[in-house]
Amino acid sequence: MRIVLVGPPGAGKGTQAAYLAKNLSIPHISTGDLFRANISQGTPLGKRAKEFIDAGELVPDEVTIGMARERMAEPDAVNGFLLDGFPRNVAQAEALDAALKGDGVALDAVLDLEVPEDEVVKRIAGRRICRNDSAHVFHVTYNPPKTEGVCDVCGGELYQRADDSEETVRRRLEVYHTQTEPIIDHYRAQGLVVTISALGEVTEVTERAMAALKRGAAA
Ligand code: AMP
């Protein structure tokens, strides 16, 4: 399957993407994770992306689209993938459509995770991520690790993303509404959008998402 995951920052895209990708046996491709890996390795792409990410802005399309396409061309993504955080504006969606068309394939579904705005701010403020694996996500109140600052899964150090500060989160939400939300209409016109609530336990949301994807694929 070829799936795009959309939703505001804090909707739980990364967490859900990790579970869904595993359930569906497809790679989880997160442009945010690819940027963070480039930043920690100090690559030129990482240096270019960092100033935009720290400000809560989108990294320019000419950097992002090439990076996403390169990752999607790797052998593990030939038969499907779950895109998390890409596309994030209409120009990226159009570039993705054209690339897939060129390969003679198409998206199966766009899964839209809905969550109220006040919940988003609460979720992000308490979010802590493992340095070893960004799929290991905790929350100081909702999902605290057994030992503060230590990942339950692998013992890695937990940290707060620099762009999870309240001011940057507000800007990321604005960017989501103005630039990313329009891709939902873009894909609705193609009959691809399935919307689910992202509220509740992580496992409940995963079950809801799997059921919605099955319905979407059958429609
Ligand atoms: P995420 O981990 O998906 O929340 O992404 C973190 C940050 O990386 C975003 O706030 C953007 O600055 C940048 N980013 C991730 N994906 C994209 C994209 N598709 N286009 C532009 N910027 C992106």
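All ligand and atom numbering here is 1-based and tracks the order in the structure.
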message: One pair to check against side chain to side chain donor-acceptor pair (under 3.5 Å): Ser134 and Asp33. What are the steps and the verdict?
response: CA-CA 7 Å; Ser134 65; Asp33 284 351; 2.7 Å; yes

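- Within the structure, the side-chain hydrogen bond (donor to acceptor under 3.5 Å, both in side chains) test picks out the following pairs touching residues 191-205 (sequence neighbours left out): Asp112-Thr195, Glu204-Arg208.
- No side-chain heavy atom of Val110 sits under 4.5 Å from any side-chain heavy atom of Gln190.
- Looking at Asp103 and Arg69, no side-chain N of the basic residue comes within less than 4.0 Å of a carboxylate O on the acidic one, giving no salt bridge.
- Cation-pi geometry between Arg128 and Tyr159 is not met: the NZ or CZ atom fails to fall both under 6.0 Å from the ring centre and inside 45° of the normal.
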Between the protein and ligand 1, are there any N or O atom pairs that come within less than 3.5 Å of each other, and if so, what are their names and distances?
unit_1	atom_1	unit_2	atom_2	d
ligand 1	2 (O)	Arg36	NH1	3.0
ligand 1	2 (O)	Arg36	NH2	2.8
ligand 1	2 (O)	Arg161	NH1	3.3
ligand 1	3 (O)	Arg88	NH1	3.0
ligand 1	3 (O)	Arg88	NH2	3.2
ligand 1	4 (O)	Arg88	NH2	3.3
ligand 1	4 (O)	Arg161	NH2	3.1
ligand 1	5 (O)	Arg88	NH2	3.4
ligand 1	12 (O)	Glu57	O	2.6
ligand 1	16 (N)	Thr31	OG1	2.8
ligand 1	16 (N)	Gly85	O	3.3
ligand 1	16 (N)	Arg88	NH1	3.1
ligand 1	19 (N)	Gly85	O	2.8
ligand 1	19 (N)	Gln92	OE1	3.0
ligand 1	20 (N)	Gln92	NE2	2.9
ligand 1	22 (N)	Val59	N	3.0

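- Residues Ile53 and Ile39 are in side-chain contact: their nearest non-hydrogen atoms beyond the backbone lie under 4.5 Å apart.
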